[in-house]
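Working notes for the structure below.
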Protein chains: 2
Amino acid sequence: MRGKSTTPRKLPTQTRSRQTVATILEAAAQVLMRNGYDRTTTNLVAEKAGVSIGSLYEYFPNKEALVAALASAHIDELIARIDNALQISEEETPSSFVGALIRAGLDAHRVNPALHKVLVEQVPRIGGLAESLDIQTVLQQKIEHGLHERSPHLPPTRARMIALVLETCIEALTHRAIVEKPDWLETGEIEAEAQLLLEPYFQGAL
Amino acid sequence: MRGKSTTPRKLPTQTRSRQTVATILEAAAQVLMRNGYDRTTTNLVAEKAGVSIGSLYEYFPNKEALVAALASAHIDELIARIDNALQISEEETPSSFVGALIRAGLDAHRVNPALHKVLVEQVPRIGGLAESLDIQTVLQQKIEHGLHERSPHLPPTRARMIALVLETCIEALTHRAIVEKPDWLETGEIEAEAQLLLEPYFQGAL
DNA sequence: CAATAATCCGAGTAAATACTCAGCTTCTCA
DNA sequence: TGAGAAGCTGAGTATTTACTCGGATTATTG
């Protein structure tokens, strides 16, 4: 057994305890963002949340479960955003398709970037979370699916490769922009540059 | 003072001690790759190296210094490889320039990938190492420099953006390929796909 | 061949921290 | 309304682990 169980020890049934759990999660996010995973101690989280350490362990069997719960909620929100961004523009021009993908990637990165950073950079070693935190794969599969709808004649191997390239570059450029020049997200500079890069590739690949 | 000092406590002067240091570093790399940073204990490294824990602390003031020494050596090798790959092909066609960049990125990733992974994913939080481990910036600056030589008329802002895009995508695609399908590095599939993506962008951007 | 320096040893220390548990308080519902 | 359930408490435990230090062993040097 490599990773510990992350299933809750007890389910909060009363309103009071549900509030406690919410408070703990909120505090955990704060501490995690401020200190990183290693320097996040369960005692500190409890203190920050204004509950006793015992209460924390009433609902989370261990530290990993706490982070896992946080990550799970974050992922749900991310995927919702991506779905939203992809569905809004259902027009059929390649240009708008690429544009929608880029916007989806950018949107996803606007959901609590600080927490995202910690989760991505430090949490992957937590068993079981690595895969589910992997937005990459989720987005890639959506792209692959979209490709197949638009061009059924495309060989599956080819579709997978194109999806991988599109997803990888969008993700990487967005992430890089955030780290290097957060302004670029607002000015749309990155969006434009990504379009410049990916549209010709996409057109040529079809 | 955020990070601890990583300067050696004592320099090994005799041959015996230099051998000891080498053995310790080798063992550290092994343990780091197998266990990750957190599960790497100094005692375990010493044991694996066949020296006492006291000897380890004779030359490395703390755990971070040990990892820092390892990272430093790794970085030197990486940069040497990149320089090499870039200098070999000094021909002037845009196609070969892009090809050389891609090959440089791929080559860099062939230097002890397992160690690289650990260092990149888990070590950045070690103060001072984050920047120097940042191959990104090194490669980007080399690209920027190359661009300026080839096209002096190009506005500096534009050159920086192009370099950023090229570097980011090469790095990301290579990294992704390693994780997803290590074979692609050998078959040249990734190399070809990257060329397909980046050459039109590069030509259009000039 | 001393005497001094360099190297090595490893049991032991100190500190950090994940997690427990016995008992108290608050809530629910028959 | 009272008995049992749910929730809360926090001092204390157990474990892990980075790091020390007094002393033994080996190398150098005058």
Side-chain angles (χ1 to χ4, degrees), chain A residues 1 3-25 27-28 31-32 34-70 122-123 125-127, chain B residues 1 3-25 27-28 31-32 34-70 122-123 125-127:
Chain A
M1 190 178 339
K4 300 171 185 172
S5 165
T6 57
T7 50
R9 161 167 312 191
K10 184 194 287 186
L11 289 175
T13 62
Q14 304 179 0
T15 343
R16 177 170 49 142
S17 56
R18 244 172 286 140
Q19 177 57 47
T20 301
V21 168
T23 310
I24 291 172
L25 283 174
V31 176
L32 211 55
R34 200 174 292 281
N35 297 8
Y37 184 80
D38 287 349
R39 296 178 118 90
T40 292
T41 72
T42 50
N43 288 303
L44 187 54
V45 170
E47 187 188 349
K48 195 97 179 178
V51 304
S52 96
I53 181 65
S55 293
L56 189 154
Y57 279 95
E58 205 77 50
Y59 301 103
F60 302 97
N62 50 54
K63 183 179 169 182
E64 298 194 358
L66 183 61
V67 179
L70 221 49
Q122 304 186 13
V123 174
R125 45 211 157 111
I126 290 182
Chain B
M1 195 186 324
K4 301 169 186 173
S5 166
T6 56
T7 50
R9 163 166 311 188
K10 184 195 286 186
L11 289 176
T13 61
Q14 302 180 0
T15 348
R16 178 170 51 141
S17 57
R18 244 172 286 140
Q19 176 57 46
T20 301
V21 169
T23 310
I24 291 172
L25 283 174
V31 176
L32 211 55
R34 199 174 294 280
N35 298 9
Y37 184 79
D38 288 347
R39 295 178 119 90
T40 292
T41 71
T42 50
N43 288 303
L44 187 55
V45 170
E47 187 188 347
K48 195 98 181 178
V51 304
S52 99
I53 182 66
S55 293
L56 190 154
Y57 279 95
E58 205 77 51
Y59 302 104
F60 302 97
N62 50 54
K63 183 179 170 182
E64 298 195 359
L66 182 60
V67 178
L70 221 48
Q122 304 186 13
V123 174
R125 45 212 158 111
I126 291 182

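Lettering of chains follows the sequences in order, A, B, ..., and the numbering in each one begins at 1. Note that the structure is predicted; figures quoted are calculated from it, not measured.
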Please tell me which of the listed nucleotides, C/dA11, C/dC19, C/dC8, lies nearest to the side chain of A/I53?
C/dC19

Of the non-hydrogen atoms in B/Y57 and B/N62, which two are nearest, and what is the gap between them?
CE2-CA, 4.0 Å

Taking the side chain of A/R16 as its heavy atoms from C-beta onward, which of C/dC9, C/dT17, C/dT26 lies nearest to it?
C/dT26

Rounding to an integer number of Å, can you tell me how far B/L56 CG sits from C/dT7 P?
15 Å

Euclidean distance, atom OH of residue A/Y59 to atom P of D/dA6 [Å, nearest integer]
10 Å

Identify the residue among B/T40, B/N35, B/L25 that makes a side-chain contact (heavy atoms from CB on, under 4.5 Å) with B/V45.
B/T40

Scan B/T40 against the nucleic acid and name what it touches under 4.0 Å (heavy atoms): base, sugar-phosphate only, or nothing.
sugar-phosphate

Between P on C/dC9 and CD on B/E47, what's the gap in Å once rounded to a whole number?
13 Å

Please give, in whole Å, the distance from C/dC19 P to A/E64 CD?
8 Å

For C/dC9, does either OP1 or OP2 sit under 4.0 Å from a side-chain N or O belonging to B/S55?
yes

What's the OH-C1' distance between A/Y37 and C/dT17, to the nearest Å?
12 Å

Between A/Q19 and A/T23, do the side chains contain a donor N or O and an acceptor N or O under 3.5 Å apart?
yes

If you check every side-chain atom of B/N43, which of D/dC8, C/dC9, D/dC19 has the closest atom?
D/dC19

Just checking A/Q14: base, sugar-phosphate only, or nothing, at a heavy-atom cut-off of under 4.0 Å?
sugar-phosphate

Could you state the NZ-P distance from B/K48 to D/dT17, rounded to the nearest angstrom?
16 Å

Shortest side-chain distance from A/S52, nucleotide among D/dG10, C/dC9, D/dC19:
D/dG10

Does B/S17 reach a base, just sugar-phosphate, or nothing at all? Heavy atoms under 4.0 Å.
sugar-phosphate

d(OH, B/Y57; P, C/dC9) in whole Å:
16 Å

Can you measure B/L44 atom CG to D/dT15 atom P for me and round it to whole angstrom units?
20 Å

